[in-house]
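Note that this is a predicted model, so its numbers are computed, not measured. Residue numbers start from 1 in every chain, and the chains themselves are labelled A, B, ... in the order their sequence lines are given, proteins ahead of strands. Below, all heavy atoms of this structure are taken into account, side chains as well, without hydrogens, waters or symmetry copies.
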There are 2 protein chains.
Amino acid sequence: MLKITKRVEYALIAIRHLQENQDVLVSVSDISAAYGIPKEILAKTLQKLASSNIVKSYKGPTGGYKATKKIAETTLNDFFEILEGPTAIMDCYFQDGCDHLNSCNIRTPINKINDSIRNLFNNLTLADIAQ
Amino acid sequence: MLKITKRVEYALIAIRHLQENQDVLVSVSDISAAYGIPKEILAKTLQKLASSNIVKSYKGPTGGYKATKKIAETTLNDFFEILEGPTAIMDCYFQDGCDHLNSCNIRTPINKINDSIRNLFNNLTLADIAQ
DNA sequence: ACTATATACGACAAATATAATCGTATATAA
DNA sequence: TTATATACGATTATATTTGTCGTATATAGT
């Protein structure tokens, strides 16, 4: 429990690699080969980051991805949300339609835990965790 | 991702219920019926809590569970660990045997995120999140 | 002593979520 | 025109989580 997904792991690896190679365009194949990450899943992950302007994409041969300045100031909360949607330790935090709502006696503790985690991730940027 | 398990959810429900009924012994069936939780899984969850003295168990008919004083001072980290083992956003944090260790470029960020979460959970007790 | 009912606990099966793959479309440098 | 890159939806495979089954042990009540 409380695990991050492979998508997030791959995204972290990719942006770190892009930041270390800011002078060149890096293709999905490059990163895939360097770290042993399945190509297609990495491609889709980078597409999500591109549509949020965390990275910039260039099509065609000699194309690839580039880090943007937005990376450093992006919070973990935003980063996770781009890839996986809203962060919540239980689905009922954002969804509704709980069967036991009437008898639920853990709403307060669940909300407190959630708020604490979201507060933590809102105050940590990708730059903060880099070094 | 970053979800808690049903076991943790059920455990939270159970200890809250026990705290609200400290004067009587409450059986698994009582809690199961009150909140619509599968009996066997709830039973095993309470057994784990009992073996860590978070609750106390009494066998035989008229038996059941009782809250202990230890509940309030228990940290979320200990609580989660009793039920699910060590808290880590990636398995490699506690396990070893990673294939890509040589090319891993996210060790620092992963450790920072992990340490932040563990620090958060070590400083939050079950009493803290109750109200 | 017997019976009913509670906890204790390991093994297995079902359901769900995650990870990976496949197929096709589009853009563009050479 | 061709080769190679990103873009993206649909499907399959895998892993994890959740729930069930079966059996043992303890004990209050009769």
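With rounding to whole Å, B:Asp91 atom CG is found 14 Å from C:dT18 atom P. In this entry the distance linking CE of A:Met1 with P of C:dT18 reads 15 Å, nearest Å. One atom, CG of A:Leu25, and another, C1' of C:dA29, lie 12 Å apart when rounded to the nearest Å. Spacing between atom NZ of A:Lys66 and atom P of D:dT6 amounts to 15 Å, rounded to whole angstrom units. Between the P atom of D:dT16 and the CG atom of B:Leu83 lies a distance of 19 Å, rounded to the nearest Å.
Taking only side-chain nitrogens and oxygens, A:Ser57 comes nearer than 4.0 Å to OP1 or OP2 of D:dA7. Between B:Tyr58 and C:dA8 there is no side-chain polar atom (N or O) within less than 4.0 angstrom of OP1 or OP2. One finds no side-chain N or O of B:Tyr10 lying less than 4.0 angstrom from the OP1 or OP2 phosphate oxygen of D:dT17.
Side-chain contact between B:Phe80 and B:Thr75: absent, with no pair of heavy atoms (C-beta onward) separated by less than 4.5 Å. Taking the side chain as every heavy atom from C-beta outward, B:Tyr10 and B:Pro38 approach each other to under 4.5 Å. Using a 4.5 Å heavy-atom cutoff, the side chains of B:Lys39 and B:Ser29 are in contact. Residues B:Ile113 and A:Leu76 meet the side-chain proximity criterion, which asks for heavy atoms closer than 4.5 Å.
Taking only side-chain atoms of B:Ser27, from C-beta outward, the nucleotide of C:dA8, D:dT6, C:dA6 with the closest atom is C:dA6.
Side chain of B:Asn21 to main chain of B:His17: a donor-acceptor pair is present (N/O by atom type, distance under 3.5 Å, no hydrogens or angles). Side chain of A:Ser52 to main chain of A:Leu49: no donor-acceptor pair is present (N/O by atom type, distance under 3.5 Å, no hydrogens or angles).
For the pair A:Val26 and A:Lys3, both in contact range of DNA chain D, the more 5′-proximal nearest nucleotide belongs to A:Val26.
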Distances for protein N/O vs nucleotides 21-23 of chain C N/O pairs under 3.5 angstrom?
{"residue": "C:dT21", "atom": "O4", "partner": "A:Lys44", "partner atom": "NZ", "Å": "2.8"}

Write down the protein N/O and nucleotide N/O pairs, taken from nucleotides 24-30 of chain D, whose separation is under 3.5 Å; answer none if there are no such pairs.
{"residue": "D:dA26", "atom": "O4'", "partner": "B:Lys59", "partner atom": "NZ", "Å": "3.4"}

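For the ring-ring contact (aromatic ring centres under 6.0 Å, His included) condition, no pair includes a residue of residues 42-73 of chain A, sequence neighbours left out.
Side-chain atoms of B:Asp128 and B:Thr125 form a donor-acceptor pair, as typed in the model, at a separation below 3.5 Å.
Within 6.0 Å of CD in B:Gln131 there are 12 or fewer heavy atoms belonging to other residues, nucleotides or ligands.
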